[in-house]
Amino acid sequence: MCFSPLCDCLARKQVRQPGRPAIRPLPPVPMLLSRYFLPILRETPKEAEILSHRLMLRAGMIRQEAAGIYAWLPLGFKVLQKVTQIVREEMDRAGAIELLMPTLQLAELWRETGRYDAYGPEMLRIKDRHERELLYGPTNEDMITEIFRAYVHSYRELPKILYHIQWKFRDEQRPRFGVMRGREFLMKDAYSFDIDEPAARRSYQRMFVAYLRIFDRMGLRAIPMRAETGPIGGDLSHEFIILAETGESGVFCDADILDLPIPDESIDYDADLEPIIKDWTRLYAATDEVHDPARFERETPPERRVRRRGIEVGQVFYFGDKYSRPMRALVTGSDGVERPVIGGSYGVGVSRLVGALIEANHDEAGIIWPNSVAPFAIGIANLKVGDEASDAACAKIYGALKKAGIDVLYDDLDERPGAKFARLDLIGLPYQIIVGPKGLAEAKVEVKTRRTGAREMMSVGEAIARFAV
RNA sequence: CGGGGUAUGGCGCAGCCUGGUAGCGCGGAAGUUUUGGGUACUUCAGGUCGCAGGUUCGAAUCCUGCUGCCCCGACCA
């Protein structure tokens, strides 16, 4: 089994081999609960309807500041960072290049594509002190195209995929479901630039495969579903949907999709990705918006027909010269002819993913984080603070795990055991090491796996060896 | 954007109909007690009752306007 702190294969392995510890300590910030900022709510705020929203509020992950606008408290922010980092690593692996564009954009830019007037009240418009019209970016096609055209003029510099992870604002008529449908949200948006349609198709495939890996690393089974392509047409648009009871859209797919293999980290993005895409798009998969019952029944045997609910966590699409033509983002081909660069864009709802992860991973007691995104990998509960043996055992375990570079939260508060159990279960750390006089009387501590509820008594040394490599 | 709710201490709520010094539970502080799944008790702190007007001797309560938030629909990463 792989224990390397630098290896990102662990989340997936853990999902497929439940019960085996796999810790991914990045970035490790060991913490004493007495020094942390973790405002747990015992009762559920009434405004929270959906489960992930309730749990995020109760676990002290977020605080609502306005409709659809949230402050990310330390625990929530840690998860958000871990999700962000996975997205970043997989984009980088696929050859995309990170930059950072501003949240505010000039209206003038959006007028070039006609989108300033077309976008509607969903776009937040602002004026500065000089009465210049600005907007809080709901997306960045216009700006990235502006950047691209300023510097790139030759096919020799292509292909390029640029991305950033930045806050967006869409003034939704009705924000709800906590971070799943906020007005302000964190999104990874990537943009590809190619000389022609076949090349653009290859960029699309790169992002498609990268998306399979991103969600897989978070322990999510995201199903690419053919989506509406808008005015440009073509067959190149997919939504990535994860199955969850509380999903917003109905989902219909072939059960076999759920077992398709995910390309591992050794994948060569420069190779032909067509076979992978074919595998993943061969079987029926559609949201209720584009669902074709007749075709579903024709192509999918009854026992493989899956009818569930799903949450959209990503979308990829090809848009050709929709922006490059009006904005005159032109590149010269090998034939010496200047033509609009061919583009696509690729979004992942990063902050939404945090909510979606909870929707897909919880029980009555609270959240159950997949290892790869857990805010802390392990929680240590000292059931009797002040008891010499308990304090010493906890200190030893905490010190060893900390030294091993593991993200560990040590509950050193002087509280009742019941409160500690309830809190640890609520915040959903994958493993709990429970230390108290009863166990220590037999020189044992208890290691509990949150997901399965399995408990195992072992010595302090064994508990440390279990997690620290 | 249509429809419906709601606004009282950090959180969850009662009080409003039938105006008369603002209450309960949780949480917080101090203490006693307890100690392996949210312990019990005592004491304490904490609220211009969303905002602005109006009616009245007197308004959380009645009237008018505004705002925030939530839910149901149509729309969206």
Side-chain angles (χ1 to χ4, degrees), chain A residues 39-50 53-54 57-58 60 63-69 83 87 119-123 137-141 165-190 211 222 227-228 230 237-242 248-249 287 289 311-317 345-356 364-366 381-387 390 411 413-426 432-442 444-446 448 453 455 457:
Chain A
I40 299 282
L41 267 40
R42 216 170 146 164
E43 288 173 80
T44 306
K46 63 171 177 182
E47 76 268 17
E49 187 67 17
I50 204 170
H53 190 194
R54 289 184 183 178
L57 290 167
R58 288 200 53 216
R63 174 170 179 81
Q64 180 168 336
E65 293 295 338
I69 300 178
V83 170
V87 172
Y119 215 92
E122 234 184 37
M123 187 157 72
T139 178
N140 284 68
E141 283 86 0
I165 300 170
Q166 176 65 292
W167 293 94
K168 304 289 187 293
F169 193 91
R170 294 183 190 174
D171 202 353
E172 299 274 350
Q173 305 93 320
R174 195 188 157 203
R176 58 182 140 171
F177 305 151
V179 299
M180 301 260 288
R181 178 87 168 267
R183 290 193 293 173
E184 187 186 50
F185 58 97
L186 188 61
M187 180 164 98
K188 184 285 297 177
D189 39 324
Y211 276 32
E228 299 281 6
S237 182
H238 291 87
E239 291 180 351
F240 286 72
I241 307 272
I242 65 167
E248 286 197 76
S249 28
T287 62
E289 289 167 357
I311 301 167
E312 185 189 345
V313 288
Q315 187 181 11
V316 291
F317 60 95
S345 72
Y346 315 89
V348 170
V350 177
S351 48
R352 167 181 285 188
L353 263 171
V354 177
E364 321 74 51
N382 184 344
L383 298 189
K384 190 158 187 176
V385 171
D387 175 73
S390 299
D411 181 352
L413 297 177
D414 185 8
E415 283 186 321
R416 302 269 311 175
K420 288 172 182 270
F421 294 138
R423 177 169 48 223
L424 274 182
D425 284 350
L426 174 64
Q432 302 172 7
I433 300 177
I434 298 162
V435 181
K438 280 196 184 169
L440 289 175
E442 295 164 32
K444 303 272 189 192
V445 297
E446 184 180 313
K448 175 178 162 185
R455 302 142 182 267
M457 301 300 293

Next on the checklist: Between A:D425 and A:Q432, do the side chains contain a donor N or O and an acceptor N or O under 3.5 Å apart?
Outcome noted: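 Per modelled atom types, A:Q432 and A:D425 side chains form a pair under 3.5 Å.
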Could you give the distance separating [M] and [N] at their [atom1] atoms, to the nearest angstrom?
N     : M     : atom1 : result
B:C17 : B:C63 : C1'   : 15 Å
B:C11 : B:C51 : P     : 15 Å
B:G23 : B:G65 : C1'   : 30 Å
B:G36 : B:A45 : P     : 34 Å
B:C13 : B:A40 : C1'   : 24 Å
B:U18 : B:U64 : P     : 15 Å
B:U32 : B:G47 : P     : 28 Å

When all nucleic acid strands are considered with a 4.0 Å heavy-atom cut-off, which category describes [X]: base, sugar-phosphate, or nothing?
X      : answer
A:A422 : base
A:E446 : base
A:Q173 : base
A:G182 : base
A:T44  : sugar-phosphate
A:G347 : nothing
A:L186 : nothing
A:L41  : nothing
A:D189 : nothing

Next on the checklist: Rounded to the nearest 0.5 Å, what separates atom NZ in A:K438 from atom NZ in A:K384?
Outcome noted: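 If we round to the nearest 0.5 Å, A:K438:NZ and A:K384:NZ are 10.5 Å apart.
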Item to check | Separation of A:L383 CG from A:E446 CD (nearest 0.5 Å) | outcome: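 These two atoms lie 8.5 Å from each other.
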Checklist entry - What is the base-pairing partner of B:U39, counting Watson-Crick and G-U wobble geometry with both distances under 3.5 Å? => result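 Because no pair has both required distances under 3.5 Å, B:U39 counts as unpaired.
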Item to check | Nucleotide nearest A:E248 (side chain, heavy atoms from C-beta), chosen from B:C76, B:C1, B:G37 | outcome: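 Ranking B:C76, B:C1, B:G37 by closest atom to the A:E248 side chain puts B:C76 first.
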[X] side chain near [N] phosphate (N/O to OP1/OP2, under 4.0 Å):
X      : N     : value
A:R416 : B:U39 : yes
A:Q315 : B:C76 : no
A:R352 : B:A77 : no

Checklist entry - Where the side chain of A:K188 meets the backbone of A:V350, is there a donor-acceptor pair that is under 3.5 Å apart? => result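 The answer is no, because no donor-acceptor pair under 3.5 Å joins these two groups.
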Is a donor-acceptor pair below 3.5 Å formed from side chain [X] to base [N], judging by atom type as modelled?
X      : N     : result
A:R174 : B:C1  : no
A:R455 : B:G37 : yes
A:R176 : B:C72 : no
A:E43  : B:G25 : yes

Item to check | Distance, rounded to the nearest Å, where A:N382 contributes CG and B:U35 contributes C1' | outcome: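 After rounding, the reported distance stands at 12 Å.
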Item to check | Value in whole Å for how far the P atom of B:C69 lies from CG of A:L57 | outcome: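 From A:L57 CG to B:C69 P: 15 Å.
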Checklist entry - With a centroid cutoff of 5.5 Å and a plane-angle limit of 30°, would you call A:F185 stacked on B:A77? => result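 A:F185 ring centre within cut-off of B:A77 base, planes near parallel; stacks.
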